[in-house]
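See structure below.
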There are 2 protein chains.
Amino acid sequence: MNKKRMTSKELAKLAGVSSATISRAFSPDSRIGDATRERILAVAREHGYQPNAIARSLNNQRSRLVALVVNAIGNPCEAEEQQLLVHRLQARQLLPIILCCADHDDRLQLMRLASTYQVDHVVVFSDMVSMQDAVDIFRTTKPIIVSFEPLEHKSVSNIRIDGSAAADEIVDKIVKDGKKRFAYMTGTNSSWIDKLRRQWFSEALAKRGLKFEASAFGDYTYDSGFKESVMLIHRDKVDAIICGNDVMAIGARDAARRVLGKTTPTDIAIVGQDGIAMAAWDCNDLTTLSLDHVAFIDAVMELIERHEEDLEGPHSITLTCTARWGSTA
Amino acid sequence: MNKKRMTSKELAKLAGVSSATISRAFSPDSRIGDATRERILAVAREHGYQPNAIARSLNNQRSRLVALVVNAIGNPCEAEEQQLLVHRLQARQLLPIILCCADHDDRLQLMRLASTYQVDHVVVFSDMVSMQDAVDIFRTTKPIIVSFEPLEHKSVSNIRIDGSAAADEIVDKIVKDGKKRFAYMTGTNSSWIDKLRRQWFSEALAKRGLKFEASAFGDYTYDSGFKESVMLIHRDKVDAIICGNDVMAIGARDAARRVLGKTTPTDIAIVGQDGIAMAAWDCNDLTTLSLDHVAFIDAVMELIERHEEDLEGPHSITLTCTARWGSTA
DNA sequence: GGCATTTGCGTAACCGTGTACACAAATCTT
DNA sequence: AAGATTTGTGTACACGGTTACGCAAATGCC
């Protein structure tokens with residue numbers, strides 16, 4: 001059967017010291033003789049002892065756990081950032097706990113559960129939970145929330161994303177190509193991030209005396225992009241579709257090409273958002289409003305580090321998007 | 001500033017009871033009067049009290065944390081399973097800690113770190129860590145390991161995957177189409193799962209007096225699939241490529257079509273493995289050796305539940321793959 | 001109504017570490 | 001060499017909950 005884990009007291013007996021000295025041997029800067037430390041670490045290695053992080057967390061008031069609130073794991077538009085962030089956290093000996101909102105009926109209860117684990121930080125990637133809810137739930141614990149929602153809140157650090165310049169650039173090119181009837185395909189009907197993105201393009205259109213002639217409501221998936229764009233092209237006769245993310249844009253491109261026999265960018269312009277790696281694949285070659293993932297995660301880590309060092313007050317960082325050109329617009 | 005979290009003693013004072021009674025109010029079946037419990041829960045709600053999971057874990061010897069050892073998060077071939085599993089774990093109030101091996105230089109140290117958190121279960125998806133290492137590191141704690149490595153081990157439950165029948169079916173079709181020169185493109189050079197998959201196809205070929213005429217070494221990415229297949233087709237004149245996963249197969253298909261002007265399945269047959277959703281997209285339409293993700297995660301949860309109920313002994317479950325037909329073979 | 005049993009709750013001892021405090025030994029002053 | 005300081009270690013308690021134990025009150029039984 002599985003052996004029980006050894007405690008510091010047991011190891012203390014084996015090494016002929018007190019359990020306090022064991023603890024000191026594992027704390028980098030504490031008053032302990034070099035010889036004693038060496039001996040203890042040797043005995044510990046021999047018996048496979050390692051301090052219990054749960055007990056340490058209880059005492060320290062620091063769990064070294066980080067809650068990542070995400071929509072889904074499989075979704076490519078978030079996955080690249082998640083991967084980068086997890087990597088960076090691990091490098092700092094922080095362990096990520098994933099909270100997956102997508103198909104969990106009670107997201108708030110899920111966050112409450114995570115909050116009982118005394119996580120040190122919370123990163124909210126998901127736009128399915130409101131910042132206010134996150135603040136309420138994690139209010140009692142030390143963490144700050146790294147959120148992208150552009151709402152001001154006194155105890156929340158956040159990252160602003162500005163894509164208006166890139167959207168303007170993209171619209172400019174499409175209009176110069178002679179397109180006139182634009183449509184916007186959203187990923188969720190209630191998401192503030194989707195609203196924000198739409199707004200960048202709306203403003204770029206308005207500047208040129210244009211507006212969105214039609215809208216479609218997808219769910220960020222390839223299938224929804226495929227299906228909705230058939231409607232947009234067939235019924236609304238649009239010749240430019242701005243999609244809420246890259247995956248829907250790929251679906252839209254496939255629909256335009258395969259079902260309706262259109263080619264991009266000649267007959268129709270299709271634009272994605274996110275700038276995922278897959279968008280640059282030869283078979284996709286998508287024009288997309290892209291955010292530099294590395295810069296993004298750098299910003300998140302910057303906020304986390306500030307919080308680790310107990311620098312007071314909420315901080316805010318703004319990032320700008322760029323246009324990434326493919327053959328679809 | 002952030003308030004400190006309320007403790008059971010503080011709540012006890014507010015409710016006029018002892019801290020033990022607070023604890024009882026939160027344990028479903030313990031000797032406590034209905035009226036008292038109601039009153040305590042009301043006061044707790046009012047003040048936002050929730051028991052500290054870290055302290056509870058220390059006492060219980062049960063953390064309700066599960067370590068998921070994965071290669072990467074973004075990689076679509078694992079992502080769908082990860083998403084499903086996280087969802088199922090959350091439904092059981094278990095929180096997943098992600099250990100991402102891909103670009104972490106010291107995977108073993110990462111696992112040791114996680115083991116100090118007294119995780120209840122460990123699920124090893126990654127083929128970058130050997131089962132023996134996982135067993136050694138998590139030996140002292142209660143968890144079992146759910147691994148797919150077909151190695152027998154007295155303290156490890158595992159899931160076997162058998163794709164030999166499906167591989168046979170696929171090879172049969174390709175050979176009947178007149179193809180003669182097969183190549184295998186592996187994703188990692190040292191992975192047992194890749195060896196296993198290759199073996200299924202090798203045996204199917206051997207049965208027909210054939211063998212792999214060439215090999216390529218990719219890294220599970222689109223780019224490597226693209227690049228390596230150019231070599232295979234150009235240098236080795238193969239007319240059938242079996243890829244270690246779907247993403248490389250899509251890369252190979254693009255290379256064959258765009259760079260070399262070949263069409264599938266007429267000129268060349270290309271086969272993926274995993275059966276990810278993207279493989280079925282209209283633009284891909286890949287023939288792939290596919291594993292039912294839902295059945296797979298059902299099996300993982302089955303093992304976890306058996307372990308939660310302390311059913312002794314390692315368990316083993318075998319799943320079989322099926323062929324999913326597209327236009328590439 | 002007397003006795004056995006059950007119910008409801010407080011007391012105190014844990015779970016495994018970290019650390020303030022105390023104190024002896026070693027080292028540094030001049 | 002006597003006092004001041006530093007160093008190394010043990011003792012005891014805290015972190016926030018759970019639970020075995022004990023005991024009074026309430027309930028059951030004939």
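In what follows, every chain begins at residue 1, and chains take the letters A, B, ... in the order their sequences are listed. All of these numbers come straight from a predicted model, not from anything done at the bench.
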Rounded to the Å, how far apart are [X] [atom1] and [N] [atom2]?
X	N	atom1	atom2	result
A:R24	C:dG18	CZ	C1'	10 Å
A:F26	D:dT9	CZ	P	15 Å
B:L58	C:dC15	CG	C1'	4 Å

### Query
OP1, OP2 of D:dG16 versus side-chain N and O of A:Y117: anything below 4.0 Å?
no
### Query
Does a nitrogen or oxygen in the side chain of B:T7 sit under 4.0 Å from OP1 or OP2 of D:dG16?
no
### Task
Look at the side chain of B:S23 and decide which nucleotide, out of D:dT18, C:dG10, D:dG10, has an atom nearest to it.
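So the nucleotide nearest the side chain must be D:dT18.
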### Task
Measure from the side-chain heavy atoms of A:N60 and tell me the nearest of C:dT19, C:dG16, D:dG10.
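So the side chain of A:N60 is nearest to C:dT19.
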### Message
On DNA chain D, compare the nucleotides closest to B:A20 and B:N52; which residue's is nearer the 5' end?
### Response
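Upstream on the strand: B:N52.
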#### Entry: Residues that A:R112 engages under salt bridge (Lys or Arg N to Asp or Glu O under 4.0 Å), provided they are two or more places apart
none
### Task
Determine, stepwise, if the pair B:L95 / A:Y117 fulfils side-chain contact (heavy atoms from CB on, under 4.5 Å).
CA-CA 10 Å; B:L95 287 182; A:Y117 281 82; 3.6 Å; yes
## Note on the structure
Note: for B:A55 and B:G16 on DNA chain C, the residue whose nearest nucleotide lies more 5' is B:G16
Distances under 3.5 Å only, N/O to N/O: pair up the protein atoms with those of nucleotides 4-8 of chain C.
{"residue": "C:dG8", "atom": "N7", "partner": "B:R31", "partner atom": "NE", "Å": "3.4"}
{"residue": "C:dG8", "atom": "N7", "partner": "B:R31", "partner atom": "NH2", "Å": "3.3"}
{"residue": "C:dG8", "atom": "O6", "partner": "B:R31", "partner atom": "NH2", "Å": "2.6"}

### Query
Between the main-chain N or O of B:R5 and the side-chain N or O of B:Y49, is there a donor-acceptor pair closer than 3.5 Å?
no
### Backbone of A:A53 reached by a side-chain donor or acceptor of A:S57 within 3.5 Å
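Yes, the answer is positive, given that a donor and an acceptor are paired below the 3.5 Å cut-off.
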### Query
So do A:V70 and A:C101 actually touch side chain to side chain, heavy atoms under 4.5 Å?
no
### Task
Compare all side-chain heavy atoms of A:L68 with those of A:L89 and state whether any distance is below 4.5 angstrom.
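Yes, their side chains come closer than 4.5 Å.
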